[in-house]
Amino acid sequence: MRYDPTVVEAKWQARWEADRLYDAPDGDPRPKFYLLTMYPYPSGDLHVGHWYPMAPSDAVARYKRRRGYNVMFPIGFDAFGLPAENAAIERGIHPYRWTMDNIARMRRQLRSMGAMWDWSREVVTCDPEYYTWNQWFFLRMYDRGLAYRTLSPVDWCPKDNTTLAREQVVGDGRVCERCGTPVVKKNLEQWFLKITAYADELLDFSTIEWPERVRTLQTNWIGRSEGVEFAIPVKDRSEISFRVFTTRPDTVYGMTFCVLAPEHPLVDVLTSPDRRKDVEAYKFKAARESDIERLSTERERDGVFIGSYATNSMSGDAAPIFIADYVLLTYGTGAIQGVPAHDTRDFDFARKYRLPCPVVVAPPGWDGRPLREAYLEDGTMVNSGPFNGLSSDEGRRRIADDMVARGVGQRKIHYRLHDWLISRQRYWGTPIPIIYCDACGTVPVPYDDLPVVLPMDAEFRPTGQSPLKYHKAFLNVPCPKCGGAARRETDTMDTFIDSSWYQYRYLSHHYAEGPFDRTKAAYWLPVDQYTGGVEHAVMHLLYTRFWTKVMRDIGLVDFGEPMMRLFNQGTILGTDGIKMSKSKGNVVNPDEVVQKYGADVLRMYLMFIGPWNEGGPWNTRGIEGSSRFLSRVWTLVTEPAKPGDVQAPDVLRPRDLEYWTHHTIRRVTEDMEGFRFNTAIAALMEFANVLQRAKATPIAGSPMWGHALQSLVLLLAPLCPHVAEELWVEHLRQPYSVHVQPWPVFDPQKAAAEKITLVLQVNGRVRDRVEVEAGITEAQAREIALANARVRQYLDGKTVADVIIVPGRLVNVVLR
RNA sequence: GCGGGCGUAGCCGAACUGGUAUAGGCGCCAGACUUAGGAUCUGGUCGGCGCAAGCCGGUGGGGGUUCGAGUCCCUCCGCCCGCACCA
């Protein structure tokens, strides 16, 4: 009888579901293991790229359960977002309808995977039951001053008609992450969350095991730099000064000019009448130029003198003030000291405008001549008045102290990280619970009035304005304070808010007294293992850390990191080696694969392709291999052995079979622990091949044979749950379910080979291989090597200088 | 430009802390069973020379350390991913 996946898979999925086999009971006496995989966005149809993170995660969940953990493996849907609204505008389908239809389809597709998700905990973020807590969190942050509104230049996507978070602007061309349209700047009143208040804490990864890669990305993204911010007075205008930030206070004596960002507020004040025309022209040019051109490193730095001078606050020398677009208003103070000798950009600028370039930090062995390029390293301070002779390091401290003492500056830390802009001028998201009253100003919606429900009867028109702006019943509300006429905030929240805390909602998804039931938190939290793509390194994965720290500070949880371990899987590519996407036409539909081969074959194939963290191209032929393997296992277990039919040349002894069984248990166990599914499967293939060859020999009837087959099925179960269950229950006649059986254990003695291949080398070159007892001593190994005929051929007339013995592996005879 | 990762058969990949390079799979070749097979099973499969035993070469190129290097160090080349004038 051949294996028929459609019948078998449907049968067991129904049985597992009926038995609620995968429910994770709260407060179970077993140790808990919270395994979380990133919830999907319900874009419509799944492709195998969606299975790629899920199938191995499920294998981990199943493995951990078999190791005695009470495993929670929840799933849900990231249901708010732009595509739903675009579908509404383009095709006249309500975003809710579109989203829910997609979710229904994806649920069916996900269920066909046969994963052990606890569907009873499912979370859908567009449900008011969920997003009311987004609003609640927002108000709690507002109360603590962590949510604020300000007029701010924001990145704006002209196609999607919406603002974008800094992180959603990507690539060389600074384009919209979603649609690829070049982003422009626009000034709007926007809501922000003060993630920068946690910048330092977010740099600390000491309590979590996250990949180096993600830690580096987040660290660079936060971009902490330590230095001094100090005032530079304007010459002959003693009432005016501007502030600059530097990480190199040891170089201040070398300042020969200053640069303000073209948009700096003091530019108009400090521009002299004779320079006004040039300055205005430059400002116009800078404003018109796209960010791509402005930020290009290739481009020559230029600027314009504005007709005023600054006074070097240490040396008292006069320094011309320029505007130049290489200085950004958004970083530091929007103004810098120009120190050409010790900064590459300043060096180029000074050369172009023939400004002096005095050396103030001497390189070791400096001959006193002008520098050919900026010297960026530390050195000995020169031309720096009373600070001459100090090391850069010492100088930085002393000059900072001096500035602080004189009240002109203070030590300061700047971050590249900006506060999190959460306002979206869109309908399909969580309404921001704020009311604007002419009399009372900005008034938060009272907690008792939550949720602010997104009205379902909004009109969708391609105006670029949020439909909420036209919705009278939503827009016009009495002020909660004075009762007078007021208007609701019509912006909705960034959907990254939803995903910042969804892991907590899984604990108690209908809980109405708070975002989650705290009596369950002590048992389940935090997440033990998170799996998902590295593309979320600086967005979701930073936001959820921030969110958890805020939750800790408002007393909701007693820890500061949401996920203890993180694993980033790679990306599955199309057969053409390009990332799968509908537009490229290289997507593989899992439904078709499941129909043809079964879910188990697809799962096995995805895990067998290669290391999980590397991803790789889909290979239509490769899946045949997985299919063949499972068929072989099927016939191996289901068709009765006919021992003695064939005269096999090398008959396995019981001890050999025992070795293979225990050796395989060991390999698979170690590989599962390390998420190395490809090699775990390779080990199982080898084992199955050994059993296949031994099946026609007398050993196939022995008690060891039964143990071997059972072990094979027990080890396969996390990887191909349906086949394993069918074989376990129906053919090996073992008690249901294989998925609650303890993980097989190996005996290290039995897992060790009796005989080993000893490699004999002469001067590092392999000359012979001999089978020896595994336990031989070094002296015996040496003796065997020196007595070996092939080795002796090379000894002729030479002296043995050394014999290197690697126990259990090789002997290397070194000749002189 | 800076930072990180990677480069092993025809292809995907294995090789623990330096110790048999190429496990497992795909593909290919041969054989068995068959009316037939793109089904299944068995065997082979890095290259060169050789009837063979065997010898030599071989992990992107070059150099080094070592008894021994895919693995460590230097250097160059190629590919991928971040960040991109961050003061």
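A note on names: the letters A, B, ... follow the listed sequences, proteins ahead of strands, and every chain is numbered from 1.
- Going from atom NE2 of A/His414 over to atom C1' of B/C86 covers 10 Å, rounded to whole Å.
- Ring planes of A/His536 and A/His540: perpendicular class, angle over 60° (limits at 30 and 60°).
- The aromatic rings of A/Tyr3 and A/Trp634 are tilted relative to each other, their planes meeting at an angle between 30° and 60°.
- Salt-bridge check for A/Lys283 with A/Asp325: failed, with every basic side-chain N at 4.0 Å or more from each acidic carboxylate O.
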Under a 4.0 Å heavy-atom criterion, the protein footprint on nucleotides 45-59 of chain B, written with B, S and -, is ---------SSSS--
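- Between A/Phe349 and A/Tyr353, the two ring planes are tilted [angle within 30° to 60°].
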List, one per line, each side-chain donor-acceptor pair under 3.5 Å for residues 604-622 of chain A, sequence neighbours excluded.
| residue | atom | partner | partner atom | Å |
| --- | --- | --- | --- | --- |
| A/Tyr605 | OH | A/Asn619 | N | 2.9 |
| A/Tyr605 | OH | A/Asn619 | O | 3.4 |
| A/Trp612 | NE1 | A/Tyr52 | O | 3.1 |
| A/Asn619 | OD1 | A/Arg621 | N | 2.8 |
| A/Asn619 | OD1 | A/Gly622 | N | 3.1 |

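- Checked against B/C83, B/G24, B/G68, the side chain of A/Asn812 finds its nearest nucleotide in B/G68.
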Name the pairs: protein N/O against N/O of nucleotides 36-44 of chain B, kept only if under 3.5 Å.
| residue | atom | partner | partner atom | Å |
| --- | --- | --- | --- | --- |
| B/C41 | OP1 | A/Arg632 | NH1 | 3.2 |

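- Comparing A/Thr333 and A/Glu624 against RNA chain B, the residue whose closest nucleotide sits nearer the 5' end is A/Glu624.
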Within the sub-3.5 Å range, which N or O atoms of nucleotides 80-82 of chain B have a protein N or O partner, and how far apart are they?
| residue | atom | partner | partner atom | Å |
| --- | --- | --- | --- | --- |
| B/C81 | O2' | A/Arg213 | NH2 | 2.8 |

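- Scored by the side-chain contact (heavy atoms from CB on, under 4.5 Å) test, A/Ala199 finds A/Ile222, A/Tyr415, A/Leu417 as partners (sequence neighbours excluded).
- With P as the reference atom, B/C49 and B/U42 are 33 Å apart, rounded to whole Å.
- In this structure A/Glu377 satisfies the side-chain contact (heavy atoms from CB on, under 4.5 Å) test together with A/Tyr375, sequence neighbours excluded.
- In this view, A/Ile756 and A/Val772, A/Ala774 satisfy the side-chain contact (heavy atoms from CB on, under 4.5 Å) rule, not counting sequence neighbours.
- At whole-Å resolution of the value, CG in A/Leu684 and C1' in B/A23 are 14 Å apart.
- Between A/Thr251 and the choices A/Ile399, A/Val361, A/Leu376, the side chain to side chain contact (heavy atoms under 4.5 Å, CB included) rule is met once, by A/Val361.
- Helical stems in RNA chain B, defined as runs of 3 or more consecutive Watson-Crick or G-U wobble pairs with donor-acceptor distances under 3.5 Å: B:1-7 with B:77-83, B:10-12 with B:24-26, B:27-32 with B:40-45, B:46-49 with B:54-57, B:60-64 with B:72-76.
- Legend: salt bridge (Lys or Arg N to Asp or Glu O under 4.0 Å) pairs involving residues 773-783 of chain A, not counting sequence neighbours, sorted by first then second residue: A/Lys755-A/Glu773.
- The distance from atom OH of A/Tyr605 to atom P of B/G24 is 19 Å, rounded to the nearest whole Å.
- Atom CG in A/Asp348 sits roughly 17 Å away from atom P in B/A87 (whole-Å rounding).
- Here the C1' atom of nucleotide B/G68 and the CG atom of A/Leu815 are 14 Å apart, to the nearest Å.
- Remark: the separation of the C1' atoms in B/G43 and B/U59 is 28 Å, to the nearest Å.
- Here the separation of B/G47 from B/U40, taken at their C1' atoms, is 33 Å to the nearest Å.
- Sorted by first then second residue, the side chain to side chain donor-acceptor pair (under 3.5 Å) pairs that include residues 335-352 of chain A, not counting sequence neighbours, are A/Thr246-A/Gln337, A/Glu300-A/Lys352, A/Arg301-A/Asp348, A/Tyr326-A/Asp346, A/Asp343-A/Arg345.
- Contacts classified as salt bridge (Lys or Arg N to Asp or Glu O under 4.0 Å) and involving residues 601-612 of chain A (residues at least two apart or in different chains) are given here: A/Asp58-A/Arg603.
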Could you write nucleotides 7-16 of chain B as a row of B, S and -, 5' to 3', where a protein heavy atom under 4.0 Å of any base atom gives B, of only sugar-phosphate atoms gives S, and otherwise -? -----SSS-B
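- Put simply, CD on A/Gln761 is 13 Å from P on B/C67, counting in whole angstrom units.
- As rounded to whole Å, 10 Å separates atom C1' of B/A21 from atom CZ of A/Arg769.
- A/Phe245 and A/His414 have perpendicular rings, their planes meeting at more than 60° on a 0 to 90° scale where under 30° would count as parallel.
- One interatomic measurement links the two molecules: CG of A/Leu376 to C1' of B/G1, which rounds to 12 Å at whole-angstrom precision.
- B/U17 and B/G61 are spaced 23 Å apart, taking the P atom of each and rounding to whole Å.
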